[in-house]
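First the structure, in the form of structure tokens, and then the observations on it.
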Amino acid sequence: MDLNLTADEQAFRDEFRAWLKANVPAPWTKGGLGSESGGEYVDYLKRWQRTLFEGGWAGIAWPKKFGGRGATLMQQAIFQEELALADAPHLIGTIGLSLVGPTIIALGSEEQKARHLAPILAGDEIWCQGFSEPNAGSDLASLGTKAIRDGDDFVVNGQKIWTSFAQMADYCLLLVRTDFESPKHKGITCLLADMKTPGISVRPLRQMSGDSGFNEVFFSDVRIPVTQVLGQVNNGWTTAITALMNERANLGTGIQVIFKRNLNALIARSRTVDRNGRPASEDPIVRQKLAQAYLELEILRLNTNRALTSLSRSGVPGAEGSIQKIYWSEMNQRTQQIAQEILGPYGQLIDFDGGVWQYAYLRSRGNTIEAGTSEIQRNIVAERVLGLPKSY
Ligand SMILES: Cc1cc2nc3c(=O)[nH]c(=O)nc-3n(C[C@H](O)[C@H](O)[C@H](O)COP(=O)(O)OP(=O)(O)OC[C@H]3O[C@@H](n4cnc5c(N)ncnc54)[C@H](O)[C@@H]3O)c2cc1C
């Protein structure tokens, strides 16, 4: 792709830059940064998404007729970069924006589009993704949560696990088994489940970061109307793959903003923390490591642009999303390791920089598991990119 900005792109950048200057809220400094387990921080992030929405800057890649901006590939890249440069907060409704919304646009009924897309953009509807179960993670098609048709409803019984945002979610993109005889990929259906439906209970799981960002979700005789099927009954595998490909393609794009802010803060901190009586930034090893972290983030940025190019040509995210997923997750773990080495004991303190360093280090361990483990992503790259035989 051509990385030089055209006059139109410059105008887009300048408009968004000016808007950000006037609208980015003061940074969150009350501690628990990164914690999405509830409370004031969530309200702060919701307010930010609403501000973006009201300014016409939420879901910029979504088609205009669904409330997006119909942004070009290059505009999406500019958008992310400007958010990072402006030190803007991340988006709380990320599952809705990057995964559920695009899947509803691709496969949803007109009623579903009318009902859900605008609230997703505004951050009024927070979504969670109910895919994984205690016995179905990497082998997702083995999922066992049952849905039996009863009149105009499905009656759902079973359990999901590791469901991020379920503790605050309004809706869940839920995979259930509706056919018990067919091969396992062919008996799955995807439902748009209202989390307030009687029979759904959410139990938060405490993570090593101290957060309770993900949950167990139990379904006991939960009635979900048939009109809430996304895609076709028993063809939920196609819906799930569409959602997962959108997740892998989009997560790397949004996550750059967080990484860039984090690296900028680390570079700034390296000038103030002490190492042998001198600022750490003067230490040759620290400088090497920070330069390496910067290079890796640039590689992520450019590869994201490459993935967007491919997406804009084919219209569907491809296996490049897996390359990105492996890269950003492992890169972030390396960067957080470097941060701990530079900051020393300060990096472990909850009241130093609002606890961001210890939180980010501990949270990064999950990066190579969530949204498909690194081993599964490498299998996808081996099979779909390199054309190697299937694993067994
Ligand atoms: C922070 C975080 C947030 C999450 N959020 C959500 C969410 O919102 N919604 C949701 O549904 N799920 C969520 N998950 C769950 C996540 O998708 C699963 O943990 C993941 O898919 C792995 O499944 P599993 O935990 O059952 O591990 P398993 O599938 O049991 O895997 C165990 C190990 O075996 C390896 N392995 C498995 N199969 C193969 C194979 N064929 N080849 C090579 N190695 C293999 C895996 O790589 C892993 O190392 C989240 C997980 C984390 C860590």
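Just follow the structure's listing: the first ligand is 1, and inside any ligand the first atom is 1.
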Across all chains, not counting sequence neighbours, the side chain to side chain donor-acceptor pair (under 3.5 Å) partners of Asn23 are none

Output for ligand 1, non-hydrogen cut-off under 4.0 Å, lists Gln129, Phe131, Ser132, Gly137, Ser138, Trp162, Thr163, Ser164, Phe214, Arg363, Gly366, Ile369, Glu370, Thr373, Glu375, Ile376, Asn379

Does Gln336 have any side chain to side chain donor-acceptor pair (under 3.5 Å) partners at least two apart in sequence or in another chain, and if so, which? Asn262, Asn332

Sequence neighbours excluded and cut-off under 3.5 Å, please list the side-chain donor-acceptor pairs for residues 143-152, or say none.
{"unit_1": "Thr145", "atom_1": "OG1", "unit_2": "Glu133", "atom_2": "OE2", "d": "2.7"}
{"unit_1": "Thr145", "atom_1": "OG1", "unit_2": "Gln159", "atom_2": "N", "d": "3.4"}
{"unit_1": "Thr145", "atom_1": "OG1", "unit_2": "Gln159", "atom_2": "O", "d": "3.4"}
{"unit_1": "Arg149", "atom_1": "NE", "unit_2": "Gly151", "atom_2": "O", "d": "2.8"}
{"unit_1": "Arg149", "atom_1": "NH2", "unit_2": "Gly151", "atom_2": "O", "d": "3.4"}
{"unit_1": "Asp150", "atom_1": "OD2", "unit_2": "Arg223", "atom_2": "NH1", "d": "3.2"}
{"unit_1": "Asp150", "atom_1": "OD2", "unit_2": "Arg223", "atom_2": "NH2", "d": "2.7"}

Is it true that the side chains of Gln129 and Thr163 contain a donor and an acceptor less than 3.5 Å apart? no

If only atom types and distance count, is the side chain of Glu82 paired as donor or acceptor with the main-chain N or O of Phe16 below 3.5 Å? no

Using salt bridge (Lys or Arg N to Asp or Glu O under 4.0 Å) as the criterion, point out the one residue from Arg365, Lys325, Arg363 that pairs with Glu370. Arg363

